[in-house]
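A short worksheet on the structure shown next.
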Amino acid sequence: MSQYADFYRQSIEQRDSFWSEQAQLVDWKTPPTQVCDYGNPPFAKWFVGGTTNLCHNAVDRHLASRAGQTALIAISTETETERAYSFAELHIEVQRMAASLLAMGVKKGDRVLIYMPMIAEAAFAMLACVRIGALHSVVFGGFAAGSLASRIEDAEPVAVVSADAGSRGGKVVPYKPLLDEAIALSKHKPQAVLMVNRGLAPMHLQPGRDHDWAALRAQHINAVVPCEWVESTHPSYTLYTSGTTGKPKGVQRDTGGYTVALAASMKHIFDAEAGQTFFATSDIGWVVGHSYIVYGPLIAGMATIMYEGLPTRPDAGVWWSIVEKYKVTHMFSAPTAVRVLKKQDPAYLSKYDVRSLKALWLAGEPLDEPTAQWISSALQVPIIDNYWQTETGWPILTLANGVEQQSTRFGSPGKAMYGYDVKLIDESTGEELTGANQKGVVAIEGPLPPGCMQTVWRDDARFVNTYWKSIPGRLIYSTFDWGIRDADGYHFILGRTDDVINVAGHRLGTREIEESIASHPNIAEVAVVGVADSLKGQVAMAFAVAKDATGLTDDAARLTLEGEVMKQVDKQLGAVARPSRVYFVTVLPKTRSGKLLRRALQAVAERRDPGDLTTMEDPAALQQVKDLVG
Ligand code: ATP
Ligand code: MG
């Protein structure tokens, strides 16, 4: 049996001793008395009886051995600023922020909503919250007032931490007016607001409610705020899912399980060591930002990079210049970002020395083979796909290089990670599929491992009803993604369960059709949706971005390319999968985190109301589609 196979088996068959060993990776004030309490399934309580603190493990714990080492590097190509904080400096800043929150009336168990751009103060605020036992609820900066208001209503924060503005592609986005509008819209009113003034946009501070960070920081310049030791099961934060499929869910995470899960993932999955540098290009508004910009790397004693800006500004070499300058060892990004870079001159990549990199991890959406191949040959490092969800907090499927180096397989995010009892479930019978290469819903048998969601914030019923199905004698968590597992245990994600289309009785994954279309040399990106059809039930419809769109201004050229694409699908998948139309657009509708909004595309293609679009990146993208389908 391979080393990893053995490691995995122990994590499932000797669950408690396995996780008890992992718990040694973190500091406890009082050690746990029970590893896992699963007496009330599907609610799992990890490391019961233990007390700890997330901020202590991310910051204070390192003071003895590496106070002077770099902890946080905040880089903004928007404001052209760059600032590094050592663990000792981070410790001081976090205490100033914690003291300010306490002075504003925040207490243990209270929620603090963080609506911030990618600046160091955002990380201070998150760490300060968990330091005092308050729960942060980070909302992606720049979300419109409506989506912010609904999250304020759901989280009921006592306080909000925000900034005057963010900036994107050189354009200042003022946050304060959005925040004021959101608070006005919301039934719940936070009692205090802490504003970081970056000097980017004028702000009006509301007396009695709004506080200026610079002033409060000065008042608490020598603040000493000890960590509040909390129960392992004390919630550390709530975070809303990306909202790709509808109303976002408030994921609630614990403290002890999450700390252990992240520490373990840094060791076993990322094979990381203290003193190395982690660069995740995500945003603190998403789960990757929580786990792998802020907490994971710091828990591991690494330096972490927070980057505000685009991957293409001032030019498409900016990320690689950061890798060179800071000797980044671990990089984490998303396929969508790589596809953006792929459209640029490849010479930018060879301009910099990126030999410090050990690997590039990509997550968030399917990694198509051409993209993976392009970046892998450009960087000459392993490209490691990893599959997980806001709900789980850390990878479900990937490779655990820290346990055993295993080879990647194109198109596969890899193997089931330790702790996740991954199953494939036949949708029609509800039975477990045990054979190789059978297609089913990717599911996890309870209990979910440490670090995963405890429940939906204030809605236990929604947690149970949304995610859990029972198959005789067992409770299974559904990911709502289709997958298969090959004979060697490598999994392949085929798309979301709501992305399957049914053409004249044939069930087709939209992803398969997209891959076929994307392999055409002049297609950069494509989205396929199922559209209602009176004859066939549904037909596939494709929206594609051409690599070279110069010739596509006239109808004849468009029809030629459309015909070529259709022929290719016919040849690769068969005529049933052939899209009824291939429309050419310049940009596809995506969420702010880069996920395709198929739900909205499909609605527009069927001339329906696209519904809640608050998480959409660029409204113009959907307008193009509307104009095309008429
Ligand atoms: P919502 O649940 O609100 O609709 P969401 O599912 O997009 O939003 P996230 O938790 O950010 O919110 O995304 C998790 C989903 O992203 C997964 O369930 C899967 O569909 C997709 N995904 C993530 N990583 C990968 C990957 N490596 N390969 C394929 N799909 C992935
Ligand atoms: Mg989801």
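Indexing begins at 1, ligand by ligand and atom by atom, following the structure's order.
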Within this structure, what is the CD-CE distance for the pair E391 and M453, rounded to the nearest 0.5 Å?
5.5 Å

Nearest heavy atom to atom 23 (C) of ligand 1 wins, so pick from G483, G364, P413.
G364

One finds that the ligand 1 atoms under 4.0 Å from a non-hydrogen atom of N386 are 24 (N), 26 (C), 27 (N)

Taking the six-membered ring for Trp, are F140 and W286 parallel (under 30°), tilted (30 to 60°) or perpendicular (over 60°)?
parallel

Salt-bridged, D460 to R462, with N to O below 4.0 Å?
no

Heavy-atom nearest option to atom 27 (N) of ligand 1, drawn from T466, D481, D385:
D385

Counting only heavy atoms closer than 4.0 Å, does ligand 1 sit against the backbone of K595, its side chain, both, or neither?
side chain

Proximal candidate to atom 2 (O) of ligand 1 [heavy atom criterion; set K249, E365, R599]
K249

If you measure from the Lys or Arg side-chain nitrogens to the Asp or Glu carboxylate oxygens, is any gap between K187 and E156 under 4.0 Å?
no

Is there at least one pair of N or O atoms, one from L362 and one from ligand 1, spaced under 3.5 Å apart?
no

With the threshold set at under 4.0 angstrom, would you say W388 reaches ligand 1 through any of its heavy atoms?
yes

Atom NZ of K423 with >12 non-hydrogen neighbours under 6.0 angstrom
yes

Does the side chain of S265 come under 3.5 Å of the side chain of Y292 through a donor N or O and an acceptor N or O?
yes

If you measure only the distance, is there a donor-acceptor pair under 3.5 Å linking the side chains of Y8 and Y420?
no

Under 4.0 Å from any heavy atom of P366, which atoms of ligand 1 are there?
28 (N), 29 (C), 30 (N)

Enumerate the atoms of ligand 1 whose separation from the nearest heavy atom of R496 is less than 4.0 angstrom.
4 (O), 5 (P), 6 (O), 7 (O), 15 (C), 16 (O), 20 (O)

